[in-house]
Amino acid sequence: MAVEHADDKKPSGSTGPDTTRRTSDADAAGVTGSEGTSPEPSPTPGAGPLGVDAKIAEAVAAAEAAAPKTGETVRLDSWIWAVRLVKTRSIGANACRGGHVRVNGERVKPAYTVHVGDEVRLRGEGRERIVVVKRLIRRRVGAPVAAQCYIDNSPPPPPRAAVAPAGVRDRGAGRPTKRDRRELERLRGLFGQGNPEQQ
């Protein structure tokens with residue numbers, strides 16, 4: 001709530017700048033700096049290092065809110081889904097059943113109980129993710145909050161140029177001719193050296 005001081009009001013008919021002083025509740029309560037203003041403006045979110053710390057603090061608070069209650073456990077498939085390592089929980093469960101997820105070097109089932117400090121290795125989508133569990137959560141959270149729940153020791157992803165598809169046609173170029181198709185197959189390397197169709 002702002003308070004106007006009667007003695008600071010601009011007289012009517014004055015052409016100078018507006019000198020009406022508005023003060024906050026803190027000023028009205030007597031909490032002022034040396035010249036009657038607030039001590040320091042509070043940092044805005046995302047502005048400078050203090051704003052970044054505030055965002056991290058919010059992320060940690062959100063992660064703690066998503067944490068299981070005391071005495072409850074968290075399943076592996078649920079945890080890797082909650083920290084956004086997989087898109088759906090069922091994909092996480094299938095990855096566990098298929099042997100694509102290892103905890104501390106061992107293949108585990110989807111119902112494996114995750115503990116803080118476990119190293120989780122997830123192989124999928126063309127790369128391997130290696131994370132160390134830092135915080136247990138049960139509900140799916142946003143990416144900034146999820147990043148506070150694990151330590152990512154994954155190798156960097158391969159460069160995009162290395163995984164770009166070969167032989168991409170222009171949009172609207174129409175159906176490829178037989179000659180175009182053979183050139184695309186040659187580029188993609190679909191026919192190996194021992195294949196009789198190539199000879």
Side-chain angles (χ1 to χ4, degrees), residues 45-47 51-52 55-56 58-60 62-63 66 73-199:
V52 172
K55 283 188 175 184
I56 292 173
E58 288 176 19
V60 169
T73 59
V74 178
R75 291 172 50 113
L76 177 63
D77 60 343
S78 176
W79 187 82
I80 62 176
W81 166 75
V83 297
R84 306 181 89 79
L85 294 178
V86 293
K87 290 186 180 180
T88 65
R89 184 173 170 182
S90 62
I91 290 174
N94 289 336
C96 292
R97 283 189 211 105
H100 300 291
V101 180
R102 293 180 179 270
V103 177
N104 300 326
E106 297 181 21
R107 287 178 60 172
V108 291
K109 294 182 178 180
Y112 178 86
T113 302
V114 182
H115 303 284
V116 174
D118 285 347
E119 180 188 67
V120 178
R121 291 176 172 260
L122 173 70
R123 206 175 59 234
E125 298 178 2
R127 65 181 287 212
E128 184 177 27
R129 299 288 307 265
I130 303 168
V131 297
V132 177
V133 179
K134 199 163 101 176
R135 181 174 284 119
L136 297 177
I137 60 172
R138 183 166 274 212
R139 293 190 318 255
R140 190 167 172 97
V141 292
V145 178
Q148 299 298 317
C149 298
Y150 59 84
I151 300 168
D152 196 354
N153 296 330
S154 305
R160 285 187 166 259
V163 293
V168 177
R169 293 179 55 83
D170 293 332
R171 186 177 176 97
R175 184 174 174 189
T177 63
K178 194 168 189 176
R179 182 178 180 183
D180 292 340
R181 183 180 51 81
R182 286 182 180 152
E183 287 175 3
L184 286 173
E185 288 172 352
R186 196 175 314 117
L187 271 174
R188 291 181 181 147
L190 295 179
F191 293 112
Q193 294 234 339
N195 196 333
E197 286 186 41
Q198 186 181 13
Q199 296 171 354

Test: E119 and R121 ion pair at under 4.0 Å: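 Between R121 and E119 there is a salt bridge, with a charged N closer than 4.0 Å to a carboxylate O.
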Looking at side-chain heavy atoms only, is the closest gap between [X] and [Y] below 4.5 Å?
| X | Y | value |
| --- | --- | --- |
| V103 | V114 | no |
| V74 | I137 | no |
| K55 | P144 | no |
| L85 | W79 | yes |
| E106 | Y112 | no |
| P155 | I130 | yes |
| V133 | H115 | no |

To the nearest 0.5 Å, what is the distance between [atom1] on [X] and [atom2] on [Y]?
| X | Y | atom1 | atom2 | result |
| --- | --- | --- | --- | --- |
| R182 | E185 | CZ | CD | 8.5 Å |
| I91 | E125 | CD1 | CD | 8.0 Å |
| I80 | R75 | CD1 | CZ | 10.5 Å |

Got a sec, which residues hit side chain to side chain contact (heavy atoms under 4.5 Å, CB included) with R175, two or more places apart in sequence or on another chain?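 So R175 forms no side chain to side chain contact (heavy atoms under 4.5 Å, CB included) with any residue.
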For N94, give me all partners under side chain to side chain contact (heavy atoms under 4.5 Å, CB included), at least two apart in sequence or on another chain. R97
Minimum heavy-atom separation for [X] and [Y], please, with both atom names.
| X | Y | value |
| --- | --- | --- |
| A82 | R139 | CB-O, 3.5 Å |
| A59 | Q148 | CB-CG, 3.8 Å |
| L122 | A95 | CD1-CB, 4.2 Å |
| G92 | D77 | C-CB, 4.1 Å |
| R138 | S78 | O-OG, 3.7 Å |
| G117 | V132 | O-CG1, 4.0 Å |

Is the side chain of R84 donor-acceptor paired with the backbone N or O of V141 at a distance under 3.5 Å, no angle test? yes
